[in-house]
Every structure is written in structure tokens, then in C-alpha cells.
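In what follows, a single structure is set out as C-alpha cells and then discussed.
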Amino acid sequence: MATATLHKWLTHFTDAKKCSPPSASKAPHSIHFHHRAVCQGWYLSMNGCREGEEQQARRRKGVGTIETRTLAAVASPAMAMYSLNMAISEMKSEAPFGTSSGIVRVQVPIEEQVQAIDWLHSQSHVLLPRCYFFGRKKHAAQEGLVSVAGVGSAVFFSRPHPFSYWDWISIRRFLSERCPLIRAYGAIRFDAKAKVSSEWLAFGSFFFMIPQVEFNELQGGSILTITIAWDNDLSWSWENAINALQETLGRVSSSIVKFPKQTPPTLILSSHNIPSKENWDLAVNRILKMIEPNDSLLTKVVLARSTRVVPIVDIDPLAWLSCLKVEGENAYQFLLQPPNAPTFIGNTPEQLFHRKSLYITSEALAGTRARGVSQALDHQIELDLLTCPKDDLEFTIVRDTIRRKLEAVCEEVVIKPEKMIRKLPRIQHLYAQLSGRLISEEDEFEILSSLHPSPAVCGFPTKEAQLLIAETEVFDRGMYAGPVGWFGGGESEFAVGIRSALVEKDLGAFIYAGTGIVEGSNPFLEWDELELKTSQFTKLLKLDLPQRQKVDCK
């Protein structure tokens with residue numbers, strides 16, 4: 001990307017002047033800045049924990065400074081690292097902008113285009129929280145930002161309680177519409193009230209981070225960024241923050257090597273499905289009996305399966321993710337890893353919502369078929385999906401529920417198209433897009449909390465379906481099927497965390513998939529749909545071991 005073009009893009013997305021933070025006067029929670037702070041038994045870098053009234057009062061206001069500084073463009077990531085290290089040395093001697101709290105982003109444009117996933121893979125030696133988010137192709141084309149990778153946390157939010165309005169306010173106080181690239185990336189559990197299993201424990205009920213060191217992949221260029229956050233009232237001073245950042249940056253590699261976007265066939269020691277095929281059939285038939293009566297309000301329940309695979313060698317989550325990216329660029333790709341925790345990755349086609357200013361879009365996605373091996377067969381499968389009463393019922397429930405949720409907080413809701421086929425490389429779905437205009441930006445939290453869980457991953461009515469899921473499923477969904485994405489100043493975007501897996505060093509991976517049960521569902525066909533959805537992961541493993549090594553957990 002030419003230097004002039006790169007600066008033009010940056011001018012559109014940054015502002016080096018002091019930014020006015022959003023009002024957070026209603027927030028009763030505080031934010032811990034202690035990088036080793038403990039609140040209610042949870043490891044936190046920064047969080048909204050309840051404290052005394054006097055402490056709460058000091059923390060209700062937004063941070064004093066939100067700022068973006070852009071340094072001169074350089075030719076390579078190594079030169080960008082040098083520029084940032086020099087900038088930190090100069091900033092250490094500064095007074096912290098005359099305010100007792102703030103967040104500052106310093107970014108260096110790089111003329112060389114480097115893939116963010118390659119940069120993150122080059123930091124695999126750094127044992128810090130990390131994140132990766134690849135927006136869908138259409139958004140990348142509009143904005144020039146292709147993907148984001150980050151390590152370390154300038155701000156870290158995670159708690160065991162359900163994500164609340166006050167947690168949202170706690171995050172928002174670090175964001176500004178005038179500094180839109182300061183973003184908090186993370187995910188929320190599917191069911192915050194469900195019992196948390198050991199593999200999901202480190203994520204809390206929600207997990208969000210504003211990275212300390214961040215790499216932005218652009219169309220034709222790149223940006224390397226550092227972010228500093230501080231608050232004297234919370235015993236996390238400017239000096240503490242900049243010293244911690246300097247320590248993190250000292251561990252970041254400036255040598256970036258493109259790694260092959262493929263994984264060698266990996267033998268597995270075992271594969272376990274929860275539930276087993278037998279128990280799946282029993283569960284589906286039980287749900288169908290509850291749906292069938294004419295006076296039943298229950299019309300749909302989404303049941304899921306967890307497949308535990310244990311390979312001979314460790315799975316590299318980034319290598320898996322890169323293979324998924326090659327397969328489908330019209331999906332969101334994400335990676336989230338709290339400190340000393342497993343890695344949550346996914347390749348999801350489903351948008352929960354995208355908000356820019358007051359304008360919001362969401363999507364209805366339901367019904368699944370494989371792609372045909374020929375154009376004629378693909379068209380035949382498409383027609384079958386479009387005309388199938390069972391799939392139409394499932395899709396209509398999803399679309400109409402989302403429409404009602406949007407109408408509660410939007411001035412007008414438009415559905416266009418109302419129903420069409422969305423084709424992905426391996427599969428195809430029924431699809432509709434919904435858009436509206438929020439009455440207030442404050443309604444963003446309402447949208448997030450009302451759209452999740454959607455009928456596409458839970459069922460309808462929501463409460464009844466969620467109770468049945470809790471009674472039926474004997475594994476922890478964790479962040480699977482929950483919101484995954486980012487909050488920004490003036491813009492936010494969340495996908496639904498399906499087509500996902502949790503990868504744990506030395507312990508293999510949990511692969512998740514679900515399918516909607518409605519009147520007319522067949523347990524055998526629904527199991528086949530689970531197999532189709534998980535195949536993007538399982539095809540990366542060599543599963544043709546003797547049958548005795550494949551086990552279904554009863």
C-alpha cells in the first residue's frame with residue numbers, strides 16, 4: 001500500500017487529539033487495574049468488582065484521556081518495533097497527559113502487507129492472553145481492515161457472573177467514537193447460569209481484552225500498535241502501565257515467518273462423542289414428543305454435541321484456524337485465549353449483529369445442506385432446502401424472533417432478502433438479513449442481551465428451550481454458541497460462536513456442533529448434520545483408526 005493511501009486510511013480511523021470518553025455516570029462497579037489482582041477468587045488484570053461506596057463513586061466517571069497517536073510509516077515490522085520502543089522511551093519521561101486515568105494507542109503504519117495470523121503465530125512463545133478476529137470479506141472490503149491479532153492485555157475483563165449492563169459500561173468507559181480502533185475483543189458464555197466445567201473455567205462468564213500489543217492487517221499494508229491504560233484511583237498508575245507494556249513488548253518477536261496454511265495428517269488416540277449416537281436418538285425423540293402436542297408452546301430446541309479428540313501430537317490452534325480460513329473467507333474467524341488457558345477458535349458464518357453508530361444489522365441463518373459435487377446436483381440440493389417444510393419452519397422461527405427483538409429498540413426494521421440460499425464452500429443455508437436504526441446507542445446492550453441466545457442456537461420460546469438444553473445436555477457449551485466479537489467506540493460487531501473448538505495443550509480438542517429440532521426432525525438426519533458441521537475440523541485429523549479406538553461416551 002502506498003504511503004499516501006495508508007495515511008488516508010489512518011486519517012479516516014484515527015484522531016490524535018484528546019478524545020472525550022463516553023459517560024459512565026450510571027455505573028456502580030469499579031475497574032481493577034492490578035495485573036495480578038484477585039476478585040472473588042478470579043484472576044484479573046482489570047475488572048468491574050463491587051467495592052465500598054466511596055470507591056465506587058470515584059470510578060463512575062469515564063477515563064480522563066482517550067487518544068490515538070500515529071507515528072511515521074515504516075517499511076517493515078522490525079522497523080515498526082524500533083519506532084514503538086523509541087516512543088515508549090520518550091513517553092516514560094512524560095507526565096501522563098495531565099489526567100489520572102486514560103488509555104492511549106500508539107500505532108505505526110507498515111508499508112509491507114503482513115498477515116495478522118502470521119504475526120500471531122510468530123508470538124507463540126509469548127505466554128500471554130491473545131486474540132484474533134477476521135471480519136467477513138464484505139466488511140474488510142468496505143473498511144480496509146482485514147484482520148486483527150493481539151497479545152497481552154492493556155485492559156482485561158472477566159467475571160463469573162452473567163454479563164450485565166454495568167459490565168458493558170465498564171468496557172465502554174475505555175472506548176471512544178473518535179478513537180475507533182481501540183476495541184475490546186472477547187466472548188460471552190452461551191449460558192452463564194450453567195455449571196462451568198474445568199476446560200472453560202479460565203474464561204469466566206465473559207472474557208474481553210484490549211490488547212497491549214496489536215497487529216492490524218490491512219488491504220495492502222499493516223499497522224503495529226501498542227496500547228497503555230492507567231487509573232491512579234485504582235492503584236494502576238501510568239508508570240505501572242508503561243512498565244508492564246515495555247516488558248510485554250520486549251517479549252514480542254519482530255521476526256515474522258509465514259507458516260504453511262495446512263496441517264499434516266494427525267493420528268488420534270481416541271474420539272469421544274457426548275452424547276453417544278444412542279443417547280442422541282433418545283434425546284431428539286424426547287424433544288419431538290414435547291413439540292408435537294397442538295397446545296405446546298415449544299416449537300424448536302437446538303441440541304448440541306461435544307466431540308473430544310485426543311491426537312498423538314498437540315494440535316496447533318493457529319494452524320487449524322488458518323486451514324478454516326482458507327476454506328471459507330465469507331465467515332468470521334476468531335481465536336481467544338485467556339492467560340494459562342485453552343484456546344477457543346472458530347469459523348462461523350453467522351452474524352449476531354453489527355452496529356455502526358445507530359444503524360444495526362443482524363442475520364437469520366437456519367437449515368443446512370451439503371454442497372453438490374456438480375452444478376446440477378448443487379442446484380437440486382438448493383431447491384430441496386428452499387421447499388422443505390421442516391427447514392422453512394426452523395428458518396421462519398429464527399427470522400421472526402430476531403425481527404421482534406429488533407423492533408423493540410429500532411425505529412424501523414427492514415428484512416431484505418426475506419429468504420434466500422447462502423452458499424459456503426462446504427455447505428449452504430437458508431438466509432435473511434435484517435436491518436434497523438436504533439433509537440439510542442444505549443440500546444446496544446439491550447440488543448446483545450436480547451438477541452442472544454437466538455433461536456438458531458437455542459430454540460423457541462427461548463426460556464423453555466434453554467431449560468430443556470440444560471436438562472438434556474451433559475457437557476458444558478462454554479463460549480460455544482455464545483456471542484464472539486468486539487466492542488468499539490461507535491461501532492461493534494458480534495458473530496455467533498458456532499463451528500468452533502476448544503484446543504488444550506496435551507489434552508486434545510473439544511469440537512462443538514448443534515442442530516435445530518422442530519416438528520418433522522429425524523434424529524438420524526440430524527446426527528448426519530452434526531457430522532457435516534464438524535467435518536471442517538475432523539478432516540484435519542486422520543480418523544480412520546481401528547473402530548475399537550473410537551468411543552461414544554454413554
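- Taking the side-chain hydrogen bond (donor to acceptor under 3.5 Å, both in side chains) definition, one finds that Thr396 meets it with nothing, sequence neighbours left out.
- Sequence neighbours left out, not one pair with a member in residues 450-460 passes side chain to side chain donor-acceptor pair (under 3.5 Å).
- In terms of the side-chain hydrogen bond (donor to acceptor under 3.5 Å, both in side chains) criterion, Ser122 has no residue partners (sequence neighbours excluded).
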>> Between Arg286 and Glu471, does the salt bridge (Lys or Arg N to Asp or Glu O under 4.0 Å) criterion hold? Intermediate values first, please.
In response: CA-CA 12 Å; Arg286 174 174 172 262; Glu471 292 173 5; 3.5 Å; yes

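- Partners of Asp384 by side-chain hydrogen bond (donor to acceptor under 3.5 Å, both in side chains), not counting sequence neighbours, listed by chain and number: Arg369.
- Taking the side chain to side chain contact (heavy atoms under 4.5 Å, CB included) definition, one finds that Ser362 meets it with Ile402, Leu406, Leu451, sequence neighbours left out.
- Under the side-chain hydrogen bond (donor to acceptor under 3.5 Å, both in side chains) criterion, Thr299 pairs with no residue at all, not counting sequence neighbours.
- Each of Tyr185, Trp486, Phe487 was scored for a ring pair (Phe, Tyr, Trp, His ring centres under 6.0 Å) with Phe208, with one residue passing: Phe487.
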>> Between Ile117 and Leu318, does the side-chain contact (heavy atoms from CB on, under 4.5 Å) criterion hold? Intermediate values first, please.
In response: CA-CA 7 Å; Ile117 199 168; Leu318 273 173; 3.7 Å; yes

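- Centroid-to-centroid, the aromatic rings of Phe334 and Phe344 come within less than 6.0 Å.
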May I have the list of side-chain donor-acceptor pairs in residues 373-381 shorter than 3.5 Å, sequence neighbours left out?
residue: Ser374; atom: OG; partner: Leu377; partner atom: N; Å: 3.2
residue: Asp378; atom: OD1; partner: Arg371; partner atom: NE; Å: 2.8
residue: Asp378; atom: OD1; partner: Gly372; partner atom: N; Å: 2.8
residue: Asp378; atom: OD1; partner: Gln428; partner atom: NE2; Å: 3.3
residue: Asp378; atom: OD2; partner: Arg371; partner atom: NE; Å: 3.3
residue: Asp378; atom: OD2; partner: Arg371; partner atom: NH2; Å: 3.1
residue: Asp378; atom: OD2; partner: Lys423; partner atom: NZ; Å: 2.9

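- One finds no salt bridge joining Glu363 and Arg399 here, because no Lys/Arg side-chain nitrogen approaches an Asp/Glu carboxylate oxygen to under 4.0 Å.
- Contacts of Glu444 classified as salt bridge (Lys or Arg N to Asp or Glu O under 4.0 Å), with partners at least two apart in sequence or in another chain: Arg355.
- Take Arg305 and apply the salt bridge (Lys or Arg N to Asp or Glu O under 4.0 Å) test, not counting sequence neighbours, and it matches Glu531.
- Aromatic rings of Phe537 and Trp320 (six-membered ring for Trp) have centroids within the 6.0 Å cut-off, being under it.
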Indicate every side-chain donor-acceptor pair of residues 496-512 with a distance under 3.5 Å to a residue at least two apart or in another chain.
residue: Ser500; atom: OG; partner: Gly497; partner atom: O; Å: 2.9
residue: Lys505; atom: NZ; partner: Asp314; partner atom: OD2; Å: 3.4
residue: Tyr512; atom: OH; partner: Trp200; partner atom: NE1; Å: 3.2

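- Remark: Lys390 engages Glu394, Glu526 in a salt bridge (Lys or Arg N to Asp or Glu O under 4.0 Å) (not counting sequence neighbours).
- In this structure, Glu464 has no salt bridge (Lys or Arg N to Asp or Glu O under 4.0 Å) partners at least two apart in sequence or on a different chain.
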